[in-house]
Amino acid sequence: QVQLVESGGGLVQAGGSLRLSCAASGRTFSTYAMGWFRQAPGKEREFVGAISTNGGSTYYADSVNGRCTISRDNAKNTVYLQMNSLKPEDTALYYCAAGPDQLPGSYSYPDEYDYWGQGTQVTVSS
C-alpha cells in the first residue's frame, strides 16, 4: 500500500508559477512510476506528465510540454511538478498517482495507476 499526499496548489495570476509536491509513504517508493493528472469541473481526468522509477525518463502532455517539469527525489519519497507560464486553462484539481513501471505509451492512462492522492487545487486567474 502507498499513500500519497499532494501539496503546493494555490491561486496564481496568468504567467505565474507553482511547484506541486507529492509525498509518498512506504519504503517502496522507488519501485513506482509516478504520474500527474488534473481534472477541471465537468471534464475528464487529463494526463499532465509522468516520470519513471529512477527519474531517468519523463513524459508530458502536449498541452503542457515546455511549461512543466517533473522530478523526483526517491530519498525523500517525493515527486514534484514545476509549472511555469500558467494559463487559466490550467485551472484544475491536480492529482499524483503511483503505479508499476510501464511502457511509455501507457503513462497517460489513469487505469494504469494503482494509488492516488487526494488532489491539490490550482487556480489561475486571467
Side-chain angles (χ1 to χ4, degrees):
Q1 293 289 326
V2 177
Q3 294 182 350
L4 306 173
V5 180
E6 302 97 332
S7 63
L11 174 65
V12 298
Q13 293 183 348
S17 299
L18 281 175
R19 189 195 193 200
L20 307 183
S21 298
C22 176
S25 66
R27 299 193 301 268
T28 59
F29 175 74
S30 62
T31 69
Y32 290 94
M34 300 295 297
W36 284 96
F37 294 79
R38 65 188 183 186
Q39 189 164 22
K43 296 185 178 180
E44 296 182 357
R45 190 166 297 184
E46 178 187 24
F47 173 72
V48 177
I51 188 167
S52 59
T53 55
N54 62 1
S57 299
T58 56
Y59 310 89
Y60 301 98
D62 290 341
S63 60
V64 301
N65 200 14
R67 300 188 296 116
C68 294
T69 301
I70 295 175
S71 61
R72 68 190 295 163
D73 187 339
N74 287 348
K76 296 181 178 180
N77 281 12
T78 302
V79 63
Y80 306 95
L81 177 64
Q82 177 70 43
M83 301 188 294
N84 303 317
S85 301
L86 286 164
K87 306 174 182 179
E89 50 262 45
D90 294 320
T91 295
L93 189 64
Y94 282 70
Y95 299 91
C96 69
D101 209 358
Q102 53 202 315
L103 296 172
S106 298
Y107 278 108
S108 64
Y109 301 130
D111 288 347
E112 296 296 324
Y113 295 85
D114 300 317
Y115 306 101
W116 294 81
Q118 83 289 348
T120 185
Q121 179 68 39
V122 172
T123 302
V124 184
S125 62
S126 60

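Computed over heavy atoms, backbone and side chain alike; hydrogens, waters and symmetry mates excluded.
The shortest side-chain heavy-atom distance between L81 and R38 does not fall under the 4.5 Å cut-off. By the 4.5 Å heavy-atom criterion applied to side chains, F29 and V2 are not counted as neighbours. Between M83 and L20 the shortest side-chain heavy-atom distance falls below 4.5 Å.
The backbone N or O of S57 lies less than 3.5 Å from a partner atom in the side chain of S52, making a donor-acceptor pair. Using a distance-only test at 3.5 Å, with no hydrogens or angles considered, no donor-acceptor pair links the side chain of Q82 to the main chain of T69. Judged purely by atom type and a 3.5 angstrom limit, Y107 has no side-chain atom pairing as donor or acceptor with the backbone of Y60.
Every residue two or more places apart in sequence or in another chain that forms a side-chain contact (heavy atoms from CB on, under 4.5 Å) with L93 is listed here: Y95, Q121. Considering only residues two or more places apart in sequence or on other chains, R67 meets the side chain to side chain donor-acceptor pair (under 3.5 Å) condition with D90. A search for ring-ring contact (aromatic ring centres under 6.0 Å, His included) contacts involving F47 returns F37, not counting sequence neighbours. Checked against side chain to side chain donor-acceptor pair (under 3.5 Å), D114 has no partners two or more places apart in sequence or in another chain. In this structure, T78 has no side chain to side chain donor-acceptor pair (under 3.5 Å) partners at least two apart in sequence or on a different chain.
With rounding to the nearest 0.5 angstrom, the OG atom of S126 is 9.5 Å from the CD atom of Q13. Of the inter-residue distances, the one linking C96 atom SG with I70 atom CD1 reads 10.5 Å to the nearest 0.5 angstrom. The line from CD of Q39 to CD of E46 is 10.0 Å long, rounded to the nearest 0.5 Å. In this structure, the separation between OG1 on T53 and CG on D101 is 4.5 Å, given to the nearest 0.5 Å.
Within the structure, side-chain hydrogen bond (donor to acceptor under 3.5 Å, both in side chains) contacts touching residues 14-37 (residues at least two apart or in different chains) are S17-N84.
When all heavy atoms are compared, the tightest approach of M34 to C22 is CE-SG, 4.2 Å. A14 and P88 get closest at one heavy-atom pair: CB-CD, 4.2 Å.
Using a 4.5 Å cut-off between side-chain heavy atoms of Ile, Leu, Val, Met, Phe, Trp and Tyr, with links allowed through other members, V122 and Y80 fall into different hydrophobic clusters. L18 and Y94 fall within the same hydrophobic cluster, defined by Ile, Leu, Val, Met, Phe, Trp and Tyr side-chain heavy atoms under 4.5 Å apart, directly or through other members. Tracing side-chain contacts under 4.5 Å through hydrophobic residues (I, L, V, M, F, W, Y), one never reaches Y113 starting from L4; they form parts of separate clusters.
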